[in-house]
Amino acid sequence: MADETKFVPEVDQGPIKYDEMRIFSDEDLNNYTEEELKNYKVKYDIPFCEEMEKGPWPSYVADAKREALHRHKLGQDKLLINVDVVDDLLGQAELSFVNGETHWKHGGIVGVFGYGGGVIGRYSDVPEKFPGIAHFHTMRVNQPMSKFYKTEYLRTLCDLWEYRGSGLMNMHGSTGDIILLGTFTEQLEPTFFEMTQKLNQDLGGSGSNLRSPSCCIGKARCEWSCYDTQDLCYQLTMHYQDELHRPAFPYKFKFKFDGCPNCCVASIARADMSFIGIWKDDIRINQEAVKAYINGEVEPNAGAHKGKDWGKFDIQKEVIGLCPTQCMWMEAGKLMIDNKECNRCMHCINVMPKALKPGKDTGVAILFGAKAPILEGAQMSTLTIPFMKVESPYDNVKDVVDKVWDWWMEEGKNRERLGELIQRQGVPKFLEVLEIPPMPQMVKEPRSNPYIFWKEDDVPGGWKRTIDEYRQRHKR
Amino acid sequence: MALSKEKLGTFNPEKPMEGRITDIGPRHFWEMFPPIIQKNYGKWDYHEILEPGVLVHVSETGDKVFTVRVGGVRFMSVEHVREMCDIADKHCGGYLRFTTRNNIEFMVDSLDKVEALKKDLESRKHVTGSYKFPVGGTGAGITNIVHTQGYLHCHTPATDASSMVKAVMDEVFADFKDMRFPAQVRISMACCLNMCGAVHCSDIAYVGYHRKPPVIDHEVIDGLCEIPLVIAACPTAAISPSKTESGKKTVKIKNERCMFCGNCYTMCLAVPLSDKEGDGVCILAGGKVSNRISPPKFSKVVVACVPNTFPRFPEVVDATMKILNAYSNGANKYERVGDWAERIGWERFFEVCDIPFTEHLIDDYRLAYDTYRTSTQFKFTEAAWEVSKAAGGID
């Protein structure tokens, strides 16, 4: 094992054994036939929805119908939520198609005691038509890092949610949580109690707090990851549990962890604080493997272009010529890289994964401020800390986080994301907060207007002068 | 410990703090890793896509893990998840994984297990014919569309999500199972401008949005909302205080200032925007998040609005196919949609995609100037001749 003791949970979470925990018997779980499913009609006419059963892509309507039938076969005695909940959801979806408008009410403050997030209140605005979804609250469940699962865990969660909820879920929501869709207020606390007491599993974030952090697959199954994305994600999630559950921020805050600049979890577009793995030494080169690519013995780009004949691989055209900094060349049959000029775009490594690898002196670049368009327009994260070593227990990272939050919580307006505060007060102010000097890497280009907000301290002699003194030199 | 079948489980409403456990976080990731992943953690040497949807990762230890990726739908039932678990138990030692883009990955530790797994996955269909677990979504093709909740669960959507995604994926299904494009194509979908999916850096993005200013529920607004917060929520200062004829506090809206962002509705339920005719879909293109070759870029608005034609969104599908066809015909190997559009020029993009350029596509919000072309470097397209004609420059 690769250093088994390296990663252990903060507390012993105990194994999850489905057979000991299950609610439904095998008979319950196999209680309908293919034939019954073919003939199954939901309670309402849903021609728009049923159109969505055609075509090759997995049909969410066909899947929902399966759950509807399963619930009817289980019967209300074996379920705590209305047996018709799925029928009613499809019925309301159909009505929304007809009306061209949603039928979910605005808002609804529900939750579990002591938490300000993790539960999203949702109520139908036509509950008389669809009583099964009169309440349809969501619970966000904090996903295990990079979304690997043991089936024992998933099966247990499925039983819990089919029994106490609609049996409908998202694997996963955009931020990364497991989303349990649809239950009544009465079942929120019981579901939370079962989840924490039996599954050792907590809720995720929602509202103006830290949202469930998420990371790429990292070292678990990728050769490019420059740090332990799962571990940093897990440890910060655990360290900031209070911030995750109890809203005290101006607005939402997201951490996302990408292992390399390919950015598979899109941290640069989505996270207030984006951690992107990089290296500061040289790209590792295996010259024999470079030759193998040149000779056509290995497919370029790990075979990602197999669907079309792009002709013989041409290292000059496909790698050296596309290098954004032009820092590569061939010399006596060897690939040369002027590493100090490399900006680590990953292209050459992506094209020749057998020949090139990121360096070994690795860490993260930290960027701040990404967000979606509401309100002042979309932003991507701004490069701020070019390189930071990241090793457990990550105290250096936590120090940065704490400085950023202190400032944002003090200065941020209601519903102002960090990126908007940085815009409003300026990057120089942000650098002051972080106690770091400026560097040209923070900008695409220097400003083209000279409207600089000088501070009094910057200017020799300060700003205190008198008009009398001025008039001694200049007549009115 | 068995899950409780009691109506309220172990929760006692009389003593709500009794037995309450908080702040324990997620389950730890290590226990969720299959043994081969634990064993080779941090030791991966290289990977290869063997065929669409099938990857092999090779470790320094000599171990290989084979991954079969299948398309997932974000919205799924416990019945569907249980079926995945059956597959994972049968072929993968009881482990599986989900990707950021809602795909599902089944992993095995030898090549001879791949065929049986693939066959099993491809053989499973819903009774109405669609695949349950189509293999694909790798390399230079189209992978799953990440999306939001739409009419199934959201209170602010301007369109539906799951149906649009299904409609598009049905049309591009062959390219989910192929890798014929110059680079990967990432499509994303959000059903309102809140963009909880953050789709603003995708090769192709769909965003539902409103086009009618809010209607005001004068009778209740003062009781239900903080009027100063509603006013402050508007980025264009279109909302101001007002009074009804009977003297109730309310707001009024300068319609011509409204940019339909819906931020006021997020703050206050008494100012709804949704409307069957007004709501539609905005299509953006040319964004990406990867730092590869060129820096990450925002997607740009290329179609201002198409109607919500439920449930198959033919106008959305049509624009998508136009972009994909032009891209696959014109882009160089490794070029993403945005890189290609920048190389040929956006004027050529609109020409080769056969998408009309309308005044809506010229920015007039903040920082608009950054997008204006202050150069004589341009290409002549039909749109350019039209301008010259209109200006009296040519006959």
Side-chain angles (χ1 to χ4, degrees), chain A residues 2 7 9 21 23 37-38 48 51 53 55-60 62-63 66-67 96-97 100-102 104 106 142 144-145 147-148 151 158 162 167 170 174 189-190 193-194 196 202 219 223 230 238 241 261-263 265-266 269-270 302-308 310 347 353-354 372 375 378, chain B residues 3 8-11 21 23-30 32 37 41-42 44 46 48-49 73-75 77-80 85 88 94 97-98 100 126-128 130 139-140 151 155 157 162 169-170 173 178-180 195-198 200-201 235 269 274 276 289-293 296 310-311 333:
Chain A
F7 304 122
M21 302 182 78
I23 287 177
L37 195 51
K38 272 182 198 159
F48 276 120
E51 171 63 29
E53 291 189 82
W57 187 249
S59 168
Y60 68 100
D63 178 33
R66 180 158 67 150
E67 179 61 19
S96 297
F97 282 139
E101 291 175 325
T102 190
W104 297 110
H106 189 293
N142 200 155
M145 273 61 259
K147 305 185 181 91
F148 281 87
T151 55
C158 286
E162 191 163 46
N170 289 153
S174 304
E189 289 283 9
F193 268 57
E194 288 293 289
T196 49
D202 209 334
K219 291 188 177 183
E223 64 269 30
Q230 287 100 1
M238 295 308 290
Q241 280 289 295
N262 280 332
C263 283
V265 290
R270 306 196 293 166
H305 291 84
K306 275 193 171 80
K308 180 172 166 179
W310 291 91
H347 176 64
K354 276 189 177 172
L375 199 53
Chain B
L3 293 173
L8 295 181
T10 55
F11 174 67
I21 297 172
D23 302 278
I24 56 171
R27 294 289 300 196
H28 197 268
F29 54 88
W30 192 256
M32 303 293 186
I37 295 293
Y41 183 92
W44 298 106
Y46 66 92
E48 214 180 316
I49 304 171
V73 276
R74 164 181 165 151
F75 172 83
S77 75
V78 294
E79 282 291 272
H80 196 60
C85 290
R97 165 176 196 263
F98 294 82
T100 304
H126 287 293
V127 288
T128 34
S130 69
Y151 292 158
H155 66 298
S162 294
M169 286 310 292
D170 279 342
F173 190 69
D178 199 354
M179 304 191 289
R180 69 179 178 97
M195 267 193 204
C196 51
H200 53 278
C201 296
L269 60 86
S274 71
K276 186 175 187 172
V289 296
S290 157
N291 288 275
R292 184 174 185 175
I293 303 178
F310 302 120
K333 193 177 178 187

>> If I take atom CZ from residue A/Arg66 and atom NE2 from residue B/His126, how far apart are they, to the nearest 0.5 angstrom?
In response: 5.5 Å
> Highest number of heavy-atom pairs under 4.5 Å with chain A: which of B/Arg292, B/Lys276, B/Met169?
Replying inline: B/Arg292
> So which of B/Gly139, B/Pro296, B/Gly94 has the largest heavy-atom pair count under 4.5 angstrom toward chain A?
Replying inline: B/Gly94
> Say you draw a straight line from CG of B/Asp178 to NZ of A/Lys306; how long is it, rounded to the nearest 0.5 Å?
Replying inline: 12.0 Å
> Rounded to the nearest 0.5 Å, how far apart are CG of B/Leu3 and CD of A/Glu194?
Replying inline: 5.5 Å
>> Tell me if the aromatic rings of A/Phe48 and B/Phe310 count as close, with their centers under 6.0 Å from one another.
In response: no
>> Looking at every heavy atom in both B/Val78 and A/Glu67, which two are closest together, and how far apart are they?
In response: CG2-OE1, 3.4 Å
> About how many Å separate CG of A/Asp63 and OG of B/Ser130, when rounded to the nearest 0.5 Å?
Replying inline: 9.0 Å
>> Has A/Asp202 got a side-chain atom pairing as donor or acceptor with B/Ile24's backbone, closer than 3.5 angstrom?
In response: yes
>> Please rank A/Lys308, A/Lys38, A/Glu51 by heavy-atom pairs under 4.5 Å with chain B and give me the top one.
In response: A/Glu51
>> To the nearest 0.5 Å, what is the distance between CE on A/Met145 and CE on B/Met32?
In response: 10.5 Å
>> If you compare all heavy atoms of A/Ala266 against all heavy atoms of B/Val289, which two are closest, and at what distance to 0.1 Å?
In response: CB-CG1, 3.7 Å
>> Only pairs of heavy atoms separated by less than 4.5 Å count here; which of A/Gly303, A/Cys158, A/Pro144 has the most with chain B?
In response: A/Cys158
> With only heavy atoms counted, which part of B/His80 is less than 4.5 Å from chain A, the side chain, the backbone, both or neither?
Replying inline: both
>> I'd like to know which of A/Asn142, A/Thr102, A/Asn170 tops the heavy-atom pair count under 4.5 Å against chain B.
In response: A/Asn170
> Taking all atoms of both residues into account, what is the closest heavy-atom pair of A/Glu223 and B/Trp44, and its distance?
Replying inline: CB-O, 3.3 Å
>> Let me confirm one number: the OH-CD distance from B/Tyr151 to A/Glu101, rounded to the nearest 0.5 Å.
In response: 7.5 Å
> Are A/Ser174 and B/Arg74 side-chain neighbours, meaning at least one heavy-atom pair lies under 4.5 Å?
Replying inline: yes
>> Looking at every heavy atom in both B/His200 and A/Ala372, which two are closest together, and how far apart are they?
In response: CE1-CA, 3.8 Å
> Would you call the rings of A/Phe7 and B/Trp30 parallel, tilted or perpendicular, where under 30° means parallel and over 60° means perpendicular?
Replying inline: tilted
>> Out of B/Arg180, B/Lys333, B/Glu48, return the one with the most heavy atom pairs under 4.5 angstrom to chain A.
In response: B/Lys333
>> Looking at A/Asn262 and B/Ser290, would you say the former's side chain and the latter's main chain have a donor-acceptor pair under 3.5 Å?
In response: no
>> Looking at every non-hydrogen atom in both residues, tell me the closest pair between A/Lys354 and B/Tyr46 and how far apart they are.
In response: CE-CE1, 2.9 Å
>> Which atoms of B/Phe98 are under 4.5 Å from chain A, going by heavy atoms: the side chain, the backbone, both sets, or neither?
In response: both
> Of the non-hydrogen atoms in B/Cys201 and A/Ala269, which two are nearest, and what is the gap between them?
Replying inline: SG-CB, 3.6 Å
> Given that the side chain runs from C-beta out, which part of A/Met238 has a heavy atom under 4.5 Å from chain B: side chain, backbone, both or neither?
Replying inline: side chain
> Between B/Thr10, B/Leu8, B/Asp23, which shows the greatest number of heavy-atom pairs under 4.5 Å with chain A?
Replying inline: B/Asp23
